[in-house]
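Just below is one structure, and these are the notes that go with it.
Just follow the structure's listing: the first ligand is 1, and inside any ligand the first atom is 1. Here the structure is a predicted model, which is why all the values come from computation and not from measurement.
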Amino acid sequence: MALPMLQLALDNKTLKDALEATRVLAPEVDVIEAGTILCCSEGMQAVRCLKALYPEKIVLADIKAADAGSILASMVYDNGADWMTVICCAPIATVESAMKEARKRTEQDGKPRDVQVELTGSWTWEEAEAWRKAGIRQVVYHRGRDAQAAGQGWGREDLEKIQRLHEMGFELSITGGLVVEDLPLFKSIPVKVFIAGRSIRDAADPVQAAREFKAAIAAHWS
Ligand code: 5RP
(Lines give C-alpha, C1' and ligand atoms only; values in the text may rest on other atoms or scores of the structure.)
Protein backbone atom coordinates (compact mmCIF):
# COMPACT_ATOMS: atom_id res chain seq x y z
CA MET A 1 0.00 0.00 0.00
CA ALA A 2 1.46 3.40 -0.98
CA LEU A 3 2.11 5.75 1.91
CA PRO A 4 -0.58 8.42 2.21
CA MET A 5 0.64 11.94 1.50
CA LEU A 6 0.34 14.78 4.00
CA GLN A 7 -1.44 17.99 2.95
CA LEU A 8 -1.18 21.24 4.88
CA ALA A 9 -4.45 23.19 4.82
CA LEU A 10 -3.86 26.93 4.88
CA ASP A 11 -7.14 28.32 6.14
CA ASN A 12 -5.51 31.56 7.17
CA LYS A 13 -7.27 34.87 6.78
CA THR A 14 -4.18 36.57 5.34
CA LEU A 15 -1.56 35.48 2.85
CA LYS A 16 1.07 36.83 5.23
CA ASP A 17 0.02 34.33 7.92
CA ALA A 18 -0.20 31.52 5.37
CA LEU A 19 3.33 32.22 4.17
CA GLU A 20 4.65 32.33 7.72
CA ALA A 21 3.25 28.82 8.11
CA THR A 22 4.69 27.48 4.84
CA ARG A 23 8.12 29.00 5.51
CA VAL A 24 8.71 26.34 8.16
CA LEU A 25 6.20 23.68 7.13
CA ALA A 26 6.56 23.36 3.35
CA PRO A 27 9.52 20.95 3.57
CA GLU A 28 7.48 18.69 5.88
CA VAL A 29 4.44 18.16 3.62
CA ASP A 30 3.60 16.83 0.14
CA VAL A 31 0.61 18.97 -0.79
CA ILE A 32 -0.01 22.64 0.03
CA GLU A 33 -3.64 23.73 0.14
CA ALA A 34 -4.77 27.28 -0.44
CA GLY A 35 -7.77 26.80 1.86
CA THR A 36 -11.30 27.99 1.18
CA ILE A 37 -10.89 30.72 3.79
CA LEU A 38 -7.59 31.90 2.30
CA CYS A 39 -8.95 31.85 -1.27
CA CYS A 40 -12.00 33.89 -0.19
CA SER A 41 -9.84 36.34 1.67
CA GLU A 42 -6.88 36.77 -0.67
CA GLY A 43 -8.13 35.39 -4.00
CA MET A 44 -5.97 33.84 -6.68
CA GLN A 45 -2.82 35.68 -5.58
CA ALA A 46 -2.63 33.12 -2.77
CA VAL A 47 -2.55 30.22 -5.23
CA ARG A 48 -0.11 32.03 -7.53
CA CYS A 49 2.23 32.87 -4.70
CA LEU A 50 2.24 29.36 -3.22
CA LYS A 51 3.03 27.73 -6.57
CA ALA A 52 5.74 30.30 -7.32
CA LEU A 53 7.41 29.66 -3.96
CA TYR A 54 6.92 25.88 -3.90
CA PRO A 55 6.90 24.67 -7.54
CA GLU A 56 7.92 21.15 -6.49
CA LYS A 57 4.84 20.72 -4.28
CA ILE A 58 1.31 19.85 -5.37
CA VAL A 59 -0.73 23.02 -4.83
CA LEU A 60 -4.45 22.59 -4.26
CA ALA A 61 -6.96 25.42 -4.62
CA ASP A 62 -9.77 24.47 -2.24
CA ILE A 63 -12.38 26.71 -3.82
CA LYS A 64 -15.26 24.21 -3.45
CA ALA A 65 -16.70 25.37 -6.81
CA ALA A 66 -20.47 25.03 -7.06
CA ASP A 67 -21.00 26.53 -10.55
CA ALA A 68 -19.06 28.07 -13.44
CA GLY A 69 -16.78 25.01 -13.51
CA SER A 70 -14.90 25.97 -16.65
CA ILE A 71 -14.21 29.59 -15.65
CA LEU A 72 -13.17 28.72 -12.09
CA ALA A 73 -11.00 25.83 -13.25
CA SER A 74 -9.28 28.10 -15.79
CA MET A 75 -8.73 30.66 -13.06
CA VAL A 76 -7.07 28.29 -10.59
CA TYR A 77 -4.99 26.48 -13.23
CA ASP A 78 -3.85 29.78 -14.80
CA ASN A 79 -2.59 30.74 -11.35
CA GLY A 80 -0.61 27.54 -10.90
CA ALA A 81 -2.91 25.14 -9.08
CA ASP A 82 -2.38 21.44 -9.71
CA TRP A 83 -5.64 20.34 -8.09
CA MET A 84 -8.92 22.07 -7.32
CA THR A 85 -12.09 21.13 -5.48
CA VAL A 86 -15.72 21.10 -6.65
CA ILE A 87 -18.37 20.79 -3.97
CA CYS A 88 -20.48 17.61 -3.96
CA CYS A 89 -23.79 19.44 -4.44
CA ALA A 90 -22.59 21.06 -7.70
CA PRO A 91 -24.47 19.99 -10.83
CA ILE A 92 -22.74 17.25 -12.81
CA ALA A 93 -22.26 19.79 -15.62
CA THR A 94 -19.99 21.80 -13.29
CA VAL A 95 -17.97 18.71 -12.41
CA GLU A 96 -17.66 17.83 -16.10
CA SER A 97 -16.63 21.31 -17.20
CA ALA A 98 -13.97 21.61 -14.48
CA MET A 99 -12.66 18.14 -15.39
CA LYS A 100 -12.59 19.05 -19.08
CA GLU A 101 -10.42 22.07 -18.29
CA ALA A 102 -8.09 19.93 -16.13
CA ARG A 103 -7.68 17.38 -18.94
CA LYS A 104 -7.08 20.09 -21.55
CA ARG A 105 -4.29 21.68 -19.46
CA THR A 106 -2.69 18.31 -18.78
CA GLU A 107 -2.69 17.45 -22.48
CA GLN A 108 -1.25 20.87 -23.35
CA ASP A 109 1.82 20.81 -21.12
CA GLY A 110 1.98 17.29 -19.64
CA LYS A 111 1.69 18.56 -16.06
CA PRO A 112 -1.07 16.63 -14.27
CA ARG A 113 -4.10 18.68 -13.18
CA ASP A 114 -6.98 17.16 -11.30
CA VAL A 115 -10.39 17.90 -9.83
CA GLN A 116 -11.47 16.56 -6.45
CA VAL A 117 -15.10 16.34 -5.38
CA GLU A 118 -15.38 17.68 -1.82
CA LEU A 119 -17.78 15.64 0.28
CA THR A 120 -18.95 18.28 2.72
CA GLY A 121 -22.70 18.06 3.38
CA SER A 122 -25.17 15.84 1.52
CA TRP A 123 -24.48 13.60 -1.46
CA THR A 124 -25.79 10.30 -2.77
CA TRP A 125 -24.27 7.10 -4.14
CA GLU A 126 -25.99 7.83 -7.49
CA GLU A 127 -24.11 11.13 -7.61
CA ALA A 128 -20.90 9.30 -6.77
CA GLU A 129 -21.50 6.98 -9.77
CA ALA A 130 -22.03 10.05 -11.95
CA TRP A 131 -18.71 11.57 -10.75
CA ARG A 132 -16.91 8.37 -11.72
CA LYS A 133 -18.56 8.45 -15.16
CA ALA A 134 -17.40 12.08 -15.50
CA GLY A 135 -13.83 10.88 -14.95
CA ILE A 136 -13.42 12.01 -11.34
CA ARG A 137 -10.72 9.98 -9.60
CA GLN A 138 -10.37 11.87 -6.32
CA VAL A 139 -12.82 12.68 -3.54
CA VAL A 140 -12.22 14.49 -0.27
CA TYR A 141 -14.04 12.87 2.64
CA HIS A 142 -14.59 15.85 4.91
CA ARG A 143 -16.04 16.23 8.37
CA GLY A 144 -16.97 19.89 8.07
CA ARG A 145 -15.54 22.44 10.47
CA ASP A 146 -19.02 23.45 11.64
CA ALA A 147 -20.18 19.83 11.99
CA GLN A 148 -17.10 19.12 14.09
CA ALA A 149 -17.77 22.19 16.25
CA ALA A 150 -21.33 20.92 16.74
CA GLY A 151 -19.89 17.70 18.18
CA GLN A 152 -19.73 15.33 15.17
CA GLY A 153 -16.98 12.74 15.63
CA TRP A 154 -15.54 10.06 13.35
CA GLY A 155 -17.54 6.85 13.39
CA ARG A 156 -18.20 3.46 11.86
CA GLU A 157 -20.52 5.04 9.28
CA ASP A 158 -17.66 7.23 8.01
CA LEU A 159 -15.36 4.22 7.69
CA GLU A 160 -18.00 2.24 5.77
CA LYS A 161 -18.59 5.11 3.36
CA ILE A 162 -14.87 5.65 2.89
CA GLN A 163 -14.38 1.93 2.18
CA ARG A 164 -17.24 1.92 -0.35
CA LEU A 165 -15.83 5.00 -2.11
CA HIS A 166 -12.48 3.23 -2.31
CA GLU A 167 -14.18 0.13 -3.77
CA MET A 168 -15.82 2.37 -6.41
CA GLY A 169 -12.33 3.32 -7.53
CA PHE A 170 -11.94 6.72 -5.89
CA GLU A 171 -8.68 7.92 -4.39
CA LEU A 172 -9.41 9.39 -1.00
CA SER A 173 -8.31 12.43 0.89
CA ILE A 174 -9.49 12.52 4.50
CA THR A 175 -9.93 15.71 6.46
CA GLY A 176 -11.83 17.68 9.04
CA GLY A 177 -10.19 18.62 12.31
CA LEU A 178 -7.85 15.64 12.08
CA VAL A 179 -5.44 15.11 14.93
CA VAL A 180 -2.64 12.59 14.78
CA GLU A 181 -4.48 10.27 17.18
CA ASP A 182 -7.27 9.89 14.56
CA LEU A 183 -5.03 8.27 11.94
CA PRO A 184 -5.14 4.63 13.18
CA LEU A 185 -8.93 4.71 12.63
CA PHE A 186 -8.31 4.70 8.88
CA LYS A 187 -5.42 2.25 8.76
CA SER A 188 -7.21 -0.50 6.82
CA ILE A 189 -7.92 1.92 3.95
CA PRO A 190 -5.48 2.99 1.20
CA VAL A 191 -5.82 6.72 1.84
CA LYS A 192 -4.14 8.95 -0.77
CA VAL A 193 -3.85 12.11 1.35
CA PHE A 194 -4.41 13.14 4.95
CA ILE A 195 -5.22 16.84 5.21
CA ALA A 196 -4.51 18.71 8.41
CA GLY A 197 -4.75 22.41 9.09
CA ARG A 198 -5.31 23.66 12.61
CA SER A 199 -3.71 20.70 14.38
CA ILE A 200 -0.43 21.47 12.60
CA ARG A 201 -0.53 25.24 12.09
CA ASP A 202 -1.74 26.02 15.60
CA ALA A 203 0.50 23.52 17.40
CA ALA A 204 3.08 24.84 19.85
CA ASP A 205 5.70 23.31 17.54
CA PRO A 206 4.17 23.04 14.04
CA VAL A 207 7.18 21.27 12.51
CA GLN A 208 7.09 18.64 15.25
CA ALA A 209 3.33 18.26 14.72
CA ALA A 210 3.80 17.67 10.98
CA ARG A 211 6.56 15.15 11.69
CA GLU A 212 4.28 13.30 14.10
CA PHE A 213 1.68 13.00 11.30
CA LYS A 214 4.36 11.65 8.94
CA ALA A 215 5.60 9.20 11.57
CA ALA A 216 2.06 7.94 12.25
CA ILE A 217 1.46 7.52 8.52
CA ALA A 218 4.69 5.56 8.15
CA ALA A 219 3.85 3.43 11.21
CA HIS A 220 0.33 2.50 10.10
CA TRP A 221 0.68 2.28 6.29
CA SER A 222 4.12 0.70 5.76
C1 5RP B 1 -12.34 23.73 5.53
C2 5RP B 1 -11.36 22.81 4.96
C3 5RP B 1 -10.09 22.59 5.71
O4 5RP B 1 -9.04 22.97 4.87
C5 5RP B 1 -9.87 21.17 6.16
O6 5RP B 1 -10.93 20.74 6.95
C7 5RP B 1 -8.58 21.01 6.96
O8 5RP B 1 -8.53 21.93 8.01
P9 5RP B 1 -8.61 21.52 9.59
O10 5RP B 1 -7.63 20.39 9.79
O11 5RP B 1 -8.20 22.76 10.29
O12 5RP B 1 -10.02 21.08 9.85
O13 5RP B 1 -11.55 22.28 3.91
O14 5RP B 1 -13.39 23.91 4.66
Legend entry - Side-chain donor/acceptor of Arg132 to backbone N/O of Met168, under 3.5 Å: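 Indeed, once roles are kept as given, a pair shorter than 3.5 Å links the two residues.
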
Inset, instruction - Report yes or no: does Thr106 contribute a side-chain atom to a donor-acceptor pair with the main-chain N or O of Pro112 at less than 3.5 Å? - result: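 Pair absent, no side-chain N/O of Thr106 close to backbone of Pro112.
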
Inset, instruction - Check each of Lys57, Lys192, Lys214 against Asp30 using the salt bridge (Lys or Arg N to Asp or Glu O under 4.0 Å) test, and report the only one that passes. - result: Lys214

Please list the nearest protein heavy atom to [atom] with its residue and the distance rounded to 0.1 Å.
atom: atom 10 (O) of ligand 1; value: Gly197 N, 2.8 Å
atom: atom 6 (O) of ligand 1; value: His142 NE2, 2.9 Å
atom: atom 3 (C) of ligand 1; value: Asp11 OD2, 3.0 Å

Legend entry - Any N or O of Ile195 closer than 3.5 Å to N or O of ligand 1: no

Legend entry - Which segment of Ile37 sits under 4.0 Å of ligand 1 when only heavy atoms are counted: neither

Below 4.5 Å, heavy atoms only, C-beta onward: do [X] and [Y] meet side chain to side chain?
X: Phe213; Y: Ser199; value: yes
X: Val31; Y: Phe194; value: no
X: Leu60; Y: Gln116; value: yes

Inset, instruction - For the pair Leu185 and Asp158, evaluate side chain to side chain contact (heavy atoms under 4.5 Å, CB included) and give the outcome as yes or no after the intermediate values. - result: CA-CA 10 Å; Leu185 267 178; Asp158 296 305; over 6 Å; no

Below 4.0 Å from any atom of ligand 1, is there a heavy atom belonging to [X]?
X: Gly35; answer: no
X: Ala196; answer: yes
X: Arg201; answer: no

Atoms of ligand 1 less than 4.0 Å from [X] heavy atoms?
X: Arg198; value: 9 (P), 10 (O), 11 (O), 12 (O)
X: Gly176; value: 6 (O), 12 (O)
X: Thr175; value: 5 (C), 6 (O), 7 (C)
X: Glu33; value: 4 (O)
X: Ala9; value: 4 (O), 7 (C), 8 (O)

Legend entry - Ion pair check, Arg23 and Glu20, cut-off under 4.0 Å: no

Legend entry - Sidechain N-carboxylate O distance under 4.0 Å for Lys51, Asp82: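 Yes.
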
Inset, instruction - From the options Lys64, Arg143, Arg145, Gln7, select the one whose nearest heavy atom is closest to atom 13 (O) of ligand 1. - result: Lys64

